[in-house]
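So the structure is just underneath, and the comments pick up after that.
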Amino acid sequence: MEKRLIHLSVNGDEYDVVVRPNQTLLEVLREDLELTGAKEGCGEGACGTCTVLLEGKPVRSCLTLAVEAQGKQIETVEGLASDGELHPVQKAFIEHGAIQCGFCTPAMILTTKAFLEENPNPSEGEARRAISGVVCRCTGYAKIVAAMMATAGEL
Amino acid sequence: MAEHTLVGHRVPRIDSLDKATGQARYTADLTLPRMLYGKVLRSPHAHARILNIDASKAERLRGVKAVVTGRDTAGVRWGVFRYTRDQQLLTGDKVRYIGEDVAAVAAEDEETAMEALELIEVDYEVLPAVFGPLEAMQEGAPQIHDHAENNINIHVPIEVGDVEKGFKKSYHVREDRFVDSEYTYCQTEPYAVLVNCDLSGNLEIWTPNASPHTKAKALSNLLEMPLTKVKVRRICTGGAFGGRSDIFPGEFIAALMALKAARPVKLVYTREESFTSVRQAHSMIVDLKTGVRKDGTLLANEIKVIMDGGAYSSTGPIATSVPFLVWEETYRLPNVRFNGYRVYTNKPVRGMYRCHGRAFLGGLGMQLDMIAEELGIDPVEMRLRNALRTGDTQATGSKIISCGLSEALQQAAEKSGWKEKRGKLPFGKGIGMGANGMMVGFPMGIRGGSSAMIKFNEDGGATLISGVVDTGSGNDSMVVQIAADVLGLKMEDVNLVSADSEITPLDQGAYSQAAAFVSANAAMAAAIDAREQILNIASDMLDATVEELGLRDGYVYMKERPERNIWMGKAIRKALMDDTPIMGRGSYMPKIDQTREWVSNPKGQQAGTFSFGAVVAEVEVDAETGQVRVSNVTGAHDCGFAINPMAVEGQLEGSVASGGVGATLLEEHYWDGGQMLNASMLEYKVPLSVDMPQITPIIVESMDPEGPFGAKEAGLWGSMNMFQAIGNAIYDAVGVWIKDFPITPDKVLAALEERNRD
Ligand code: FES
Ligand code: FES
């Protein structure tokens, strides 16, 4: 398949990458840009561990073609902390014990950030629904929801 | 525990910063220079003889650097035990399940590797296959392994007391059959492995694992390489739950290809491969006969379990024993006969799962409730009457040195409002209880103990070197918390080097629930040893006796006159100058009967200690749709002592998802013969955030006399007793017993219909 040069904007940095048109954003992030925070849990849109933000909205990067992401702001977990300061969502996840094996964590944190920016004071039920597209096999979601609720109103 | 600055406190885990920022590395995240990509060719047949493999076309494809088949490894067999060596990790003669590893390719990129797979020609002679354990045990069934008649892989017989007499003396006897289907770990991280080799014959391996030392030993045996040259490196693991314990074909195959190509090889499984070609949980058929006195005291148990083991042994002897052991670890069983059979079928390989034995433990716990009802006894009372207590000896001979089971039962009942709710909720709502005991470690020979070291930098910081393994539950952080507490340091002043088979000392790994008891004991001993050395040096410097000194915030101080103190760095420097550098050293081997063996000698002290727990589940059953929703779970667990209560609670919460909502209500595989129909996360349903109940964790602390600070374990909190609790709650809600797990809506509806017909 013919490769082509595309331009991506990730965490405020600009990149030129040569990709195949069928390459997913997840592959390009992980393999070409070495941003491995987004994980491939299933590669078929089911688990959500590949979640990144596109124009501030969570997307499954395993179902998003890299070429589709051109000209849009892409955010990955690596871009969340700024000037050595953790993002409040990251802090809350750490303080509330919301992280066990950590494989779902980047996706959970990004999903939470996007959700709370839209919906700063959610009910617990709304918070649960917001992360219902990301599978966590370790935590039973309890401390993740607690961390979400603790950050509510802070963003 | 007021004197402790860290232990017993809710502290953030040391690994969470890396994980929250995307810096934590998992196997698939790694790349090495000149790394090749591996792919495995898998069997499309459930049972077939391999007549010929021709890989020559694949070998000639541009970009292919190594091809391996069973011919490269003929005769090399793997088994966890000497007597279970039944699996060729790259099969040469026969395939025994769909998805079995037949050949593999390493190439410059993944596309080339996949293209090469299609060029490998395999001639199969398809053989008759068998897909259920009962069929497999019948005369004339296809024999899957030459050595196993009637396809019986493992038979564990245990008999204690006089079972017949027990039944004769019983006031009431009940018999039930419980069954379940296969389910899966489904860790969020799919299986992956990266192998690097160099020309001096060193092999480095990264793979999600529960024990680098176990993996290294197995690989050194299989590859006939010295153990010293096989180095399994530390890597983050995206969940294990028992499913990363033994050796898998992937690491063996990747190693073969790396050696052949003399380049690093990375092999990352798809989710489908992770479902079919690593490990699943057993399905079971469980026959239970229980006899009790009028007051509910257990007098006799006769138990027969038939487990579908799939094509190979894996941890079979353990898997066949554990459901029974967990039961004898909960209740006083004066007369009991257990016959566990693990049977070969032409299905993927089954291993030990965190919520292993749902038909067995769910069945026994539900049958207890049935009997309680027939005798008019409250289920909590029924459990309390039979519960083990400190000082008791279990059926097969293990002494209980600490036991908070009764307290857990009482607290779970009280905090859940049991008395007000049981039998009193409106139709459709119900409450039920479950309980279990759990071994903390088990006999593993030299690999059953742990050791640790601590060294210091001249600035007062320390490095703990421990074999402890963290697959996600927080073991790394736990040992640092302990060492820092003992040494009067902050957690950030203690580095950890862990889980590297070359660098860190032997440790049993993150299974058998032993980390908080064994690994933590070793780390604590190393810290105490270092502390004594520091205090010795400082006692000269401060002109005080060792007893008069304490360690806090990086200073050695006189307890009576805290203003008299020295910076710890000073003592460390002085020790270096004096040529007596401070190096802590500690180890712990649990006091178990090392002659105990799963099959040949299931008698004697099984584990160093045991943990205990009780859960109460509340459910809402929709009688129209059959849908069951768990609304509340109150769990009380005797973990001995909670080193980090936040981490302990997290274990219950995770267990409620995997054992409770997942294993009890949702998770199962569907099959067409040997073909798994839902090897995909779209179709294999795991609990999501919206499926989860409110969870109230209650920590019971029995202060184990052997455990570090009294700690035992918390990893299996709830995961093995949720089935009973939910099954019993459903009965309380709508009056039907569902004896087939998972309890899906169709089964609830069928049971309700049947009851309405009667
Ligand atoms: S990897 Fe994208 S949803 Fe699972
Ligand atoms: S922390 Fe392990 S999957 Fe969420």
Side-chain angles (χ1 to χ4, degrees), chain A residues 1 20 30-31 34-49 76-81 86-87 89-109 124-125 127-145, chain B residues 10 12-13 15-26 28-31 185-190 236-241 268 270-271 470-474 644 646-647 649-658 660-662 680-684 686-692 694-695 697:
Chain A
M1 228 177 287
R20 280 174 282 106
R30 288 178 56 83
E31 286 156 30
E34 297 182 335
L35 293 166
T36 56
K39 306 295 179 201
E40 181 168 332
C42 70
E44 55 187 12
C47 73
T49 58
T76 72
V77 73
E78 289 91 344
L80 274 187
L86 290 177
H87 188 274
V89 176
Q90 291 173 312
K91 270 193 208 151
F93 269 61
I94 294 172
E95 278 160 21
H96 287 81
I99 304 171
Q100 290 192 27
C101 83
F103 204 78
C104 70
T105 305
M108 288 289 186
I109 287 179
E124 197 192 297
R128 276 188 189 275
R129 271 197 294 285
I131 54 158
S132 64
V134 185
V135 168
C136 175
R137 212 50 178 147
C138 305
T139 64
Y141 308 96
K143 300 218 182 306
I144 294 176
V145 173
Chain B
R10 304 174 76 85
R13 283 168 47 171
D15 52 330
S16 47
L17 178 62
D18 276 357
K19 288 174 176 172
T21 52
Q23 293 173 67
R25 295 274 175 269
Y26 301 78
D29 301 340
L30 305 178
T31 33
Y185 309 84
C186 197
Q187 306 98 336
T188 47
E189 181 196 14
C236 284
T237 293
F241 318 121
V268 179
T270 61
R271 176 53 69 180
D470 195 338
T471 54
S473 48
N644 181 355
M646 195 157 76
E649 290 165 9
Q651 292 305 305
L652 170 70
E653 291 153 357
S655 284
V656 172
S658 56
V661 178
S680 133
M681 284 181 80
L682 289 168
E683 275 137 305
Y684 184 85
V686 301
L688 301 173
S689 52
V690 286
D691 302 320
M692 292 300 296
Q694 290 298 326
I695 303 168

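Residue numbering restarts at 1 for every chain, and letters A, B, ... go by the order of the sequence lines.
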So, do B:F241 and A:C138 sit near enough that their side-chain heavy atoms are less than 4.5 Å apart? yes
Counting heavy-atom pairs under 4.5 Å with chain A, the top scorer among B:I695, B:D470, B:T188, B:V690 is B:T188
If I measure from the heavy atoms of chain B, does A:R129 come under 4.5 Å with its side chain, its backbone, both, or neither? both
Under 4.5 Å from any heavy atom of chain A - which part of B:T237: backbone
B:A647, part contacting chain A, at a heavy-atom distance under 4.5 Å: neither
Structural part of A:H87 lying under 4.5 Å from a heavy atom of chain B: neither
Identify which part of B:Y185 has an atom lying under 4.5 Å from any heavy atom of chain A, answering side chain, backbone, both or neither. backbone
Most heavy-atom pairs under 4.5 Å with chain A, out of B:Q694, B:R10, B:Q23, belong to B:Q694
Any B:R13 side-chain heavy atom under 4.5 Å of A:Q100 side chain: yes
Hey, could you give me each pair passing salt bridge (charged side-chain N to carboxylate O under 4.0 Å, His left out) that has a residue in residues 35-46 of chain A? Not counting sequence neighbours. A:K39-B:D29
Tell me, for A:L80 versus chain B, whether the close heavy atoms (under 4.5 Å) come from the side chain, the backbone, both or neither. neither
Strictly below 4.0 Å, N to O, side chains only: are A:R128 and A:E124 in salt-bridge contact? yes
Rounded to the nearest 0.5 angstrom, the CD-CG distance for A:E78 and A:L35 is 4.5 Å
So what's closer than 4.5 Å to chain A heavy atoms on B:Q187: side chain, backbone, both or neither? backbone
If you count heavy-atom pairs within less than 4.5 Å of chain A, which of B:A657, B:G654, B:G22 leads? B:G654
On a heavy-atom basis, the closest approach of A:C47 and A:G41 is SG-CA, 3.5 Å
Side chain, backbone, both or neither: which part of A:S132 has a heavy atom under 4.5 Å from chain B? both
When only pairs under 4.5 Å are counted, which of B:G239, B:C186, B:P12, B:G660 shares the most heavy-atom pairs with chain A? B:C186
Best-contacting candidate, B:E653, B:E683, B:E649, B:M692, against chain A by heavy atom pairs under 4.5 angstrom: B:E653
Name all residues meeting the ring pair (Phe, Tyr, Trp, His ring centres under 6.0 Å) criterion together with B:Y26; count only those two or more places apart in sequence or in a different chain, and write none if there are none. A:F103
Could you check which of B:A240, B:S655, B:G650 has the highest count of heavy-atom pairs closer than 4.5 Å to chain A? B:G650
With the side chain counted from C-beta on, respond yes when A:R137 and B:P687 share a heavy-atom pair under 4.5 Å apart, and no when they do not. yes
